[in-house]
Participant: 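Questions regarding the structure given below will be posed in turn.
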Number of protein chains: 2
Amino acid sequence: MEKNLKRMATMHRMQTTGLALFYKNGFYKTSIDDILKELDLSKGAFYYHFKSKEDFFISILENLVVRKVYSMLIEPIEGHDNPLDLISKCIEDALQTAEHNQNDYGFLLNNFLNEFNGRNPEIMKYLNDTLKIWEVNLVSSLKKGKFNGYVDRHVDCEGVASYIISSFLGVRTLMVEGSATALRYRYMQQLRFYFRAIAHKQVA
Amino acid sequence: MEKNLKRMATMHRMQTTGLALFYKNGFYKTSIDDILKELDLSKGAFYYHFKSKEDFFISILENLVVRKVYSMLIEPIEGHDNPLDLISKCIEDALQTAEHNQNDYGFLLNNFLNEFNGRNPEIMKYLNDTLKIWEVNLVSSLKKGKFNGYVDRHVDCEGVASYIISSFLGVRTLMVEGSATALRYRYMQQLRFYFRAIAHKQVA
DNA sequence: TAAAATACCGACTACTTGGTTTGTTGTTTT
DNA sequence: AAAACAACAAACCAAGTAGTCGGTATTTTA
């Protein structure tokens, strides 16, 4: 088993710097040599561990991206509190992280979703699956919120989930340009406003 | 002046098929030869009219994309009616067009915004300017709506505009994958719900 | 300790791409 | 009629790029 440790360590090194460069420059604009130069490794090492550039990228999705999405977007909304509060808090955290840390995984999804759209069905499948996981968890969280009296009975949970995801992906696209902080502030204000509208109406 | 006609015709031919291919396969994954093959033209013709691939793309942005954004997203919301109705109608039309016509320009913006982000400042400037034009028009439309009693006095027009743009860009990213029609339906429902919340409150 | 598997090196191939250059043809201009 | 020019054609170049392959050092195993 010890021999596998070295293998895993090298593969992991390749994956993390690979992801960083793919995120920064795009998949097609990042050559394998670029990654290897950063790691002081050779072509031989790369093709010993991965069978192709595409295979390499999929392994990154499976190992790094999916897990990050879980820890940043899914786990924080689990619990029995008001889901609308949990979700808005979670999204605000994600946006705030994105502001300070360029190598942010929420936007990564958005980035790659656009890059591979209609060009690489295999990779698109993984990206869509990851999005779907987020969506499913949002929906179930909202439904639980309905049951617990936090969310109005009449709202369409699937619709709300899609709307949340849409606006999040969109605002992440916008945030990279300029005034990320101001944008986040305005975005969160509108999101919370929207959430108040779908919250359970208290009889005055 | 007649000789200029031929020049313009050829350039326009190059630009339209260039845009179609850039949209379909991405800027970096589309070679100039790809475009020329489709047009039965040669490298010489291309570099006679344009000084580089980047210059070519910018000319496409200036001539085709910006105008399309105007006609699809800006002109439809001009007028003295309820801006919330105009905007939701306009966005629904844009999404519906996108469903049937793959080569849609609303998403194009989103697509390119992602592809050039942090990689090509010159092109990013043009894309951001185009977005800004849309935003400015949305804001002024909303403010007029406030003045005319369609929009609640307390809403932050800049915030609403950003939120609209965000959700639109996001939903266009999502729509390319699968069930575009269902997604559009759910999205429009939530957008209209959100709009009702920011509309002028009638005293019952 | 010899054999065998693991992990890696780096030169090489086959191919693509943006861009250059030189040449050709038809049309204006002088 | 000659020079000039617009609008292309096509061969060419240098710089990449994904992937291959024979070889090698280092562990593991028998």
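In what follows, chains carry the letters A, B, and so on, assigned in the order in which the sequence lines appear, proteins first and then strands, with residues in each chain numbered from 1. Small disclaimer: the values here were computed from a predicted structure and weren't measured.
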Participant: Are any side-chain N or O atoms of S88(A) and backbone N or O atoms of R192(A), one a donor and one an acceptor, separated by less than 3.5 Å?
Facilitator: no
Participant: With the side chain of R7(A) defined as its heavy atoms from C-beta on, choose the nearest nucleotide among dA7(C), dG19(C), dC8(D).
Facilitator: dA7(C)
Participant: Mind checking whether Y163(B) and Y194(B) have ring centres under 6.0 Å apart?
Facilitator: yes
Participant: Send over the distance from R13(B) CZ to dA7(D) P, rounded to a whole Å.
Facilitator: 14 Å
Participant: With heavy atoms under 4.0 Å as the rule, sort K53(B) into base, sugar-phosphate or nothing.
Facilitator: sugar-phosphate
Participant: Between K37(B) (NZ) and dA9(D) (P), how many Å, whole number?
Facilitator: 15 Å
Participant: Which nucleotide in the set dA9(D), dG18(C), dA18(D) lies at the smallest distance from any side-chain heavy atom of K43(B)?
Facilitator: dG18(C)
Participant: Whole angstrom is fine here: how far is it from CE in M8(B) over to P in dA6(D)?
Facilitator: 16 Å
Participant: Nearest whole angstrom, please: distance from the P of dG19(D) to the CG of L36(A).
Facilitator: 12 Å
Participant: Start at the 5' end of DNA chain C and walk down; is the nucleotide closest to Y48(A) or to S42(A) reached first?
Facilitator: Y48(A)
Participant: Take the protein atom CZ of F46(B) and the nucleotide atom C1' of dA7(D), then report the distance between them rounded to whole Å.
Facilitator: 15 Å
Participant: Where the side chain of Y47(B) is defined as all heavy atoms beyond and including C-beta, which of dT20(C), dC8(C), dT17(C) is the nearest nucleotide?
Facilitator: dT20(C)
Participant: From CZ of F56(B) over to P of dT17(C), roughly how many Å is that when rounded to an integer?
Facilitator: 15 Å
Participant: In whole angstrom, what separates F57(A)'s CZ from dG19(D)'s P?
Facilitator: 14 Å
Participant: The side chain of K6(B) is closest to which nucleotide in this list: dG19(D), dC8(D), dG19(C)?
Facilitator: dC8(D)
Participant: When you match A45(B) and E54(A) each to their closest nucleotide on DNA chain D, which lands nearer the 5' end?
Facilitator: A45(B)
Participant: Figure out the OH/P separation between Y28(A) and dT17(C), and round it to whole Å.
Facilitator: 13 Å
Participant: Does F27(B) have K53(B) sitting over its ring (NZ/CZ under 6.0 Å from centre, angle to axis within 45°)?
Facilitator: yes
Participant: If you check every side-chain atom of I32(A), which of dG19(D), dC9(C), dA9(D) has the closest atom?
Facilitator: dG19(D)
Participant: Please tell me if H49(B) has a side-chain N or O lying less than 4.0 Å from either OP1 or OP2 of dC8(D).
Facilitator: yes
Participant: Output yes when a side-chain donor or acceptor of R67(A) lies under 3.5 Å from a complementary backbone atom of N63(A), and no otherwise.
Facilitator: yes
Participant: Determine whether the aromatic ring centres of F57(B) and Y126(B) lie less than 6.0 Å apart.
Facilitator: no
Participant: Taking OP1 and OP2 of dA7(D), is either one under 4.0 Å from a side-chain nitrogen or oxygen of T10(B)?
Facilitator: no
Participant: Please classify the nucleic acid contact of D40(A) as base, sugar-phosphate, or nothing, using heavy-atom distances under 4.0 Å.
Facilitator: sugar-phosphate
